[in-house]
Amino acid sequence: MAESVRVRFAPSPTGYLHVGGARSALFNYLFARRHNGTFILRIEDTDQTRFVEGALQEIYESLKWLGLQWDEGPQADGGCGPYIQSQRLHIYKEYSEKLLGSGHAYRCFCTPERITQLRAEQEKAKQPSGYDKKCRNLSDDEIAAHLASGTPFVVRLKIPSGRKVVFTDKIRGAIEYSSDVLDDLVLIKSDGYPTYHMANVVDDHLMNITHVLRGDEWIASTPRHVLLYEAFGWTPPEFAHLPIILSPDGGKLSKRKGAASVMDFKRGGFLPEALFNFLALLGWSPGDEREKMSLKELIDAFSLEKVSPKSAVFDEQKLEWMNGVYLAGKNSDALLDDCKDLWAERKIDVSGFSDDYLLSVITLMKVRSRRLTDIVDNSFYFFADPLSYDEKAAAKQFTSDAAFVLGVINDALAGTGSFTASEIETLFKTLAESRGVSTGKLIHPARLSISGVSAGPGLYEIMELIGKDSVIRRIENAITHIRSKESK
RNA sequence: GGUCCCAUCGUCUAGUGGUUAGGACACAGGAUUUUCAUUCCUGCAACAGGGGUUCAAUUCCCCUUGGGACUACCA
C-alpha cells in the first residue's frame with residue numbers, strides 16, 4: 001500500500017495572509033482531501049528580525065475563515081510537533097551536527113562584512129555571485145582557534161562540484177541544474193537559528209511530508225534542498241511548484257493595488273466559499289466547463305496534473321461576479337450576523353428592527369448585490385425615511401403632475417385593509433387603468449418618494465415591508481417637497 | 001550579469017498532430033421586467049514572432065521576443 005499523503009502549508013508569520021499564500025494553502029488542502037491525506041500547518045518563524053506581532057493570529061483566523069482547517073499543526077498535535085520552528089531549534093542543531101560530523105557541512109567564520117563586500121565585487125565584475133568557499137578547508141587547528149576565541153560562525157552545506165541535480169516538478173516535468181551554479185548555502189545562522197532551507201528539509205523529512213506544494217519562487221532553491229536530502233541520506237518528497245498570482249497590472253499583488261490579504265476580502269464583503277471557489281480556479285481547472293463548484297466537487301476533481309504552470313492575474317471583477325452568485329443562493333439566515341456587523345460598522349442603527357424584518361431586507365437585497373457590503377450600503381431606506389432624493393431621478397419624476405398623482409395614490413392606500421405586495425399591486429393597476437396611464441407613471445414617483453432612489457427591489461415588496469404608515473408618511477413628505485420646490 | 005520558469009480572446013481558462021479554436025468574467029447591443037439586478041439571445045475578441053519536424057502544426061523541437069522567479073546569516 002502506498003504511504004498516505006501528507007502535505008503542509010508553511011507560512012512565515014511576517015504579516016497578514018496574502019491571497020497567494022491562501023491559494024497555496026488551498027491547493028495543499030484540496031490535494032490532501034482528494035487523497036484522504038493529512039493537511040499540516042507549520043509555522044516557519046526562523047527569522048527573529050521579521051517577527052510581526054499578531055501575524056500568527058491573523059494567519060490562523062484567515063485559514064479558518066476560508067475553511068482551511070489543518071489536521072495537524074499548532075493547536076492540533078499529530079505526533080510530529082512542535083509545529084512552530086522556533087520551538088524546534090534543538091532538532092536543527094542536532095541534525096547540523098550530524099552533517100558536520102559526516103563532512104557534508106562546515107563552519108564558516110567569515111564576517112557578514114566580508115560576505116557583503118565579496119558580493120559587491122562579484123556584482124561589479126558581473127560575475128555570478130556566491131560564497132567563495134573560503135572556510136571550506138580550514139584546518140582543525142584553525143577551527144579550534146576560532147571556536148576558542150568565540151568567533152561567530154554559520155554552518156554551510158558543502159555543495160559538490162560538477163554535479164547535475166535533477167528533480168521532477170509534478171507540474172513542469174524535469175528541471176535540471178548544475179551544482180556549479182549553487183553556492184555553499186547557510187544551514188545554521190550565527191544566532192543559532194536555522195535558515196529556511198535547513199528547517200524546511202529537516203521538518204519535511206521528520207514530519208513525513210510526501211508532497212511539497214509551494215509557490216514557484218522556490219524552484220531555484222529546490223536543487224539545494226535535493227542536495228541537502230542527499231547529504232542526510234534521505235529520499236526527497238515529490239515537488240510541485242504552484243504559479244504565483246499577479247495583480248491586474250502584471251506585477252505582484254499588493255495591498256496598494258487593492259485588497260491582498262484574506263481578511264481584506266472578508267472586510268470587503270466577500271463570502272469565504274466564493275473566495276475559495278475563485279482561488280481554486282486560479283491556476284487550476286477541472287478540465288471541463290464547470291466554474292461554480294462545491295467543496296466536494298473541487299475535492300473530487302482536484303489533481304496536480306491540471307494545475308497550470310502559468311502565473312495568473314487576479315481578476316477581482318470575476319471574483320465579484322462569483323460572490324454575487326453565491327450571495328444570491330445563500331440562506332438569508334446565514335448572512336444575518338455578518339450584515340448586522342456591517343450595519344453597525346456603517347453606523348446604521350437597525351436595533352429597532354426584528355430579525356425577521358432584517359431577514360426580509362436581506363432576502364430582497366441579496367439577489368441584486370455582489371458583495372455583502374452592497375446589501376447594507378443600499379438598504380438605508382428600510383430603516384429611515386429618505387432625507388433627500390436622487391437628483392437625476394427627482395428632476396424626471398417629481399413633476400407637479402406627479403405630486404397630484406402621489407396624492408391620489410395616498411388616498412387609495414389609506415383605504416386599503418391588508419397591506420400586502422399583491423394587494424398594493426392590484427391597487428396600483430386599478431388606479432393606473434382608471435386614470436388611463438401606465439403603471440410606471442405611478443410606480444416611479446412612488447418609488448422615489450419612498451426610497452429616495454430609483455433602483456432597488458420591487459416597489460410593492462418594499463412597501464409591504466416598511467408598512468402602511470411609513471409609506472403614507474413618506475409619500476406625503478415627497479408631495480410637500482415637490483410643492484415647496486415649485487413655489488420657489 | 002548568471003541560473004531557472006512561463007507564453008491560447010483585455011482577464012481566468014478548455015482544447016487537439018487535421019476543430020467553425022470552446023466556456024466564463026468584462027464589454028457592446030437586444031428581449032423580458034415597475035426601477036435596479038436576475039434571466040435569455042446576439043455581438044466583440046486569442047493560439048507572441050521566426051525557423052524546423054510532418055502530408056498536416058495552436059499542439060512536438062530550436063531560436064528570438066516578452067514576462068516572471070531566484071541569485072541573503074529572508075522566507
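Lettering follows sequence order; numbering is per chain, from 1. Keep in mind the model is a prediction, meaning the values are calculated, not measured.
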Rounded to whole Å, please give me the gap between [atom1] in [X] and [atom2] in [N].
{"X": "Lys392(A)", "N": "C36(B)", "atom1": "NZ", "atom2": "P", "value": "11 Å"}
{"X": "Lys124(A)", "N": "G1(B)", "atom1": "NZ", "atom2": "P", "value": "18 Å"}
{"X": "Arg370(A)", "N": "A26(B)", "atom1": "CZ", "atom2": "P", "value": "5 Å"}
{"X": "Glu320(A)", "N": "A24(B)", "atom1": "CD", "atom2": "C1'", "value": "16 Å"}

Less than 6.0 angstrom separating the ring centers of [X] and [Y], yes or no?
{"X": "Trp321(A)", "Y": "Phe278(A)", "answer": "no"}
{"X": "Phe27(A)", "Y": "Phe302(A)", "answer": "yes"}
{"X": "Phe153(A)", "Y": "His146(A)", "answer": "no"}

Which nucleotides of nucleotides 69-75 of chain B have their base under 4.0 Å from a protein heavy atom (B), which only their sugar-phosphate (S), and which neither (-), written as one string 5' to 3'? SSSSBBB

How would you summarise protein contacts on nucleotides 10-15 of chain B per nucleotide, using B for base, S for sugar-phosphate only and - for none, with heavy-atom distances below 4.0 Å? -BBSSS

[atom1] spacing across the pair [N] / [M], given as an integer number of angstrom:
{"N": "U65(B)", "M": "A48(B)", "atom1": "C1'", "answer": "8 Å"}
{"N": "G15(B)", "M": "C40(B)", "atom1": "P", "answer": "25 Å"}
{"N": "U54(B)", "M": "U13(B)", "atom1": "P", "answer": "35 Å"}
{"N": "C55(B)", "M": "U71(B)", "atom1": "C1'", "answer": "48 Å"}
{"N": "U58(B)", "M": "U19(B)", "atom1": "C1'", "answer": "11 Å"}
{"N": "G10(B)", "M": "A46(B)", "atom1": "P", "answer": "7 Å"}
{"N": "U3(B)", "M": "C12(B)", "atom1": "C1'", "answer": "30 Å"}
{"N": "A57(B)", "M": "G67(B)", "atom1": "C1'", "answer": "25 Å"}

In Watson-Crick or G-U wobble terms, both distances under 3.5 Å, what is the partner of [N]?
{"N": "U53(B)", "result": "none"}
{"N": "C4(B)", "result": "G68(B)"}
{"N": "U11(B)", "result": "A24(B)"}
{"N": "U58(B)", "result": "none"}
{"N": "U34(B)", "result": "none"}
{"N": "G17(B)", "result": "none"}

Tell me what [X] touches on the nucleic acid: a base, only sugar-phosphate, or nothing, going by heavy atoms under 4.0 Å.
{"X": "Arg172(A)", "result": "sugar-phosphate"}
{"X": "Glu425(A)", "result": "nothing"}
{"X": "Gly456(A)", "result": "base"}
{"X": "Tyr460(A)", "result": "base"}

Pick the nucleotide of RNA chain B nearest each of Glu176(A) and Trp321(A); which residue has the one closer to the 5' end? Glu176(A)

So do the side chains of Leu147(A) and Phe109(A) get within less than 4.5 Å of each other, counting heavy atoms only? yes

If you define the side chain from C-beta out and look only at heavy atoms, does anything of Glu273(A) sit under 4.5 Å from Lys330(A)?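 Glu273(A) reaches Lys330(A) side chain to side chain.
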
Consider the side chain of Val181(A), meaning its heavy atoms from C-beta on, and name the nucleotide among U35(B), U3(B), C25(B) that approaches it most closely. U3(B)

Would you mind telling me which of C4(B), C25(B), A7(B) lies closest to the side-chain atoms of Pro309(A)?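 Of the options given, the side chain of Pro309(A) lies nearest A7(B).
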
Kindly indicate whether the side chain of Arg368(A) and the base of U38(B) share any N or O donor-acceptor pair separated by less than 3.5 Å? no

Heavy-atom count around Glu121(A) CD within 6.0 Å, excluding the residue itself: above 12? yes

Please check if the number of heavy atoms outside Lys292(A) that lie under 6.0 Å from its NZ is greater than 12.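 Yes, because the 6.0 Å sphere around NZ of Lys292(A) holds more than 12 heavy atoms from other groups.
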
Would you say the side-chain atoms of Tyr92(A) and Asp203(A) include a donor-acceptor pair closer than 3.5 Å?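 Yes, Asp203(A) and Tyr92(A) have a side-chain donor paired with an acceptor closer than 3.5 Å.
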
Under 4.0 Å between a side-chain nitrogen and a carboxylate oxygen: does that hold for Glu433(A) and Arg435(A)?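 Salt bridge absent between Glu433(A) and Arg435(A).
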
So which atom in Ala328(A) and which in Val367(A) form the shortest heavy-atom distance, rounded to 0.1 Å?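 Shortest heavy-atom separation between Ala328(A) and Val367(A) comes out as CB-CA, 4.1 Å.
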
Examine Arg156(A) relative to Tyr131(A) and say whether NZ or CZ is less than 6.0 Å from the centre of the six-membered ring and inside a 45° cone about the ring axis.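 Yes, Arg156(A) sits over the ring of Tyr131(A).
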
